[in-house]
Amino acid sequence: MDAKVRVRFAPSPTGGLHLGGVRTVLFNYLFAKHHNGEFILRIEDTDQTRFVPGAEQYIQDTLAWCGLVPDESPLHGGPYGPYRQSERKPMYKEFADKLIAQGNAYYAFDTPEDLEAKRKEIPNFQYSRAHRLDMKNSLTLSKEMVDELLKNNTPHVIRIKVPENEEVSLEDVIRGHVSFDTNMVDDKVLLKADGMPTYHLAVVVDDHLMKITHAFRGEEWLPSAPVHVLLWKYLFGLDQMPKWAHLPLILKPDGNGKLSKRDGERLGFPVFAMDWFDPNTNTTTIGFKERGFLPEAFVNLLAMLGWNDGTDKEIYSMEELIAGFSLDRVHKGGAKFDYEKAKWFNAEWIKKMDNEKLASLVQPHFDKEGIEVHDPNYLVKIMGLVKERCQLIPDFITQSSFFFQAPTQIDTASIAPKWDTKKSEFFTELTTLYKSKTDSGMLTAPSADLENEFKELVVKHALKPGELMLPFRIMLVGGKFGPGVFEIVENIELKDTVARIEYSLQLLSSN
RNA sequence: GGAGCGUUCGUCUAACGGUUAGGACGCCAGGUUUUCAUCCUGGUAAUACGGGUUCGAUUCCCGUACGCUCUACCA
């Protein structure tokens, strides 16, 4: 058997975690767990200019919410730490030096201004074999000059020296054979002037040091893969290189292109997993969690964006995903995100979910709305009554608040046109009936009894049930929605039903 | 501009040379629900284009088109 599977998710802590990012985590996690392997979280914070406070914590919180908890991470540690690249700075220098010594890299002293000028002067300028000899670096400067510059701490970077006329290729687990002509790849910066590595060096060094066996990342990384393959070849040997898997992108629903935070704002749906408060702009971007998605549904819908097991099954628990996941069933093409289908997944999961669990998720929303729940068991019961008409957790507010308090808005407009004194008399007698029950000590009554009595009364008044059910419903819940009328009456107290009828009667008579 | 990657109903996708091209979301129609939703039934709708290879191409090859990604001392 091969070495134990180890995969990593390596985000840079610059903001909220995006759908595409979470899906990358998910595929990492599923693959690792499917193979009894380990999933590592590594924070790629090598760009000090883009550091955003709170972002790292946010990432860990988001993974926890999704149930994608890493085995090793900055927070929990592990045998291959530290897990923040900013804390691994000396390690990268060592390997950069090794590359220089081997002749696979060189010092470059060009200032940002030099480069900018060059790019302006030469269209499609590339720092590569085409122009590297026109630049100020250890390939063009004398050894004495270079030593002098180095000794004086002249700002410089280290660049990879990409060989000429070679083919670099890799076997991508998803895409198969992918190859590049080295004449087309440029001499990427490996070590920045501040001593920090760029992504290119860091990812190779850390994947090696952390014994990563499979490296998953978004498709946008494919064009820079040859640099990484070269680095592996020079530093650790191609036989040590992890298997690469470049995941398809998640696209915006309309038009084309990568899904962005802006698309969510424009189209009215979340793009981040959880609410993200950006301290720089002082704004909060809504997340799937806060919008009312269940983590089970979120994970499920993400998994189906680019993967399937070949059957018609669409609803998967995490355990089922782990059991069924395989990379050879990951789609190559990008997937457009469809919010309607996302909500469908959530509705399916709400229907499956325990009522107790739903109650605990709905309770905070009730608190915020000022809806009081006196008996937790009652809330649980109501969840079961209304869950099949809720897609998102906040839907429970409109779908069940009338079980806890009288509706404030009554849709009398739907009753008034066909309202007459006969109906008014009917409801008045209905309240009399209910009052007699409460007078004899009953708080509630079973729905079957309620329905029978109601129908008897209808007959007595020479009316039809059809013309009274809707008004009754509206009196109870405020509008044309909700569970069966008598189920509602059964669950709220009779005195509350009476109060609601009387209130509506009053509204209708004053019209 | 260059390089790489991609392309099956509107959307997510199945079919790994032979199917009336299947399922799901959405939408439409009907039924159930004396409301709404759920649920059930049915309908709508796709292989980008052109060449090959083959008895036979959604599937393999080539080309074209289109799209995307990258082309920073950002990841």
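The sequence lines fix the lettering, A, B, ..., with proteins before strands; numbering per chain opens at 1.
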Measure from the side-chain heavy atoms of [X] and tell me the nearest of [options].
{"X": "A/Glu340", "options": "B/rC70, B/rG4, B/rC25", "value": "B/rC25"}
{"X": "A/Arg50", "options": "B/rU38, B/rU35, B/rA75", "value": "B/rA75"}
{"X": "A/Leu249", "options": "B/rC73, B/rC25, B/rU69", "value": "B/rU69"}
{"X": "A/Lys332", "options": "B/rC68, B/rG6, B/rA75", "value": "B/rG6"}
{"X": "A/Asp338", "options": "B/rU69, B/rA14, B/rU11", "value": "B/rU11"}
{"X": "A/Glu314", "options": "B/rA24, B/rC5, B/rC70", "value": "B/rA24"}
{"X": "A/Gln126", "options": "B/rC25, B/rU71, B/rA37", "value": "B/rU71"}

Here the distance between atom C1' of B/rC40 and atom CD of A/Glu388, to the nearest Å, is 14 Å
Contact class for A/Gly306 vs. all strands (heavy atom < 4.0 Å): base, sugar-phosphate, or nothing? sugar-phosphate
Ignoring backbone atoms, establish whether [X] has a side-chain N or O less than 4.0 Å from OP1 or OP2 of [N].
{"X": "A/Arg473", "N": "B/rU33", "value": "no"}
{"X": "A/Lys313", "N": "B/rA24", "value": "no"}
{"X": "A/Lys351", "N": "B/rC39", "value": "yes"}
{"X": "A/Lys118", "N": "B/rA72", "value": "no"}
{"X": "A/His331", "N": "B/rA14", "value": "yes"}
{"X": "A/Thr46", "N": "B/rA75", "value": "yes"}
{"X": "A/Asn308", "N": "B/rA14", "value": "yes"}

Does the separation of the ring centres of A/Phe288 and A/Phe298 fall below 6.0 angstrom? yes
Take A/Phe454 and A/Val485 through the test side chain to side chain contact (heavy atoms under 4.5 Å, CB included) and record every step on the way to the result. CA-CA 11 Å; A/Phe454 185 88; A/Val485 167; over 6 Å; no
Under the 3.5 Å rule, do the base of B/rA24 and the side chain of A/Lys341 count as making a donor-acceptor pair? yes
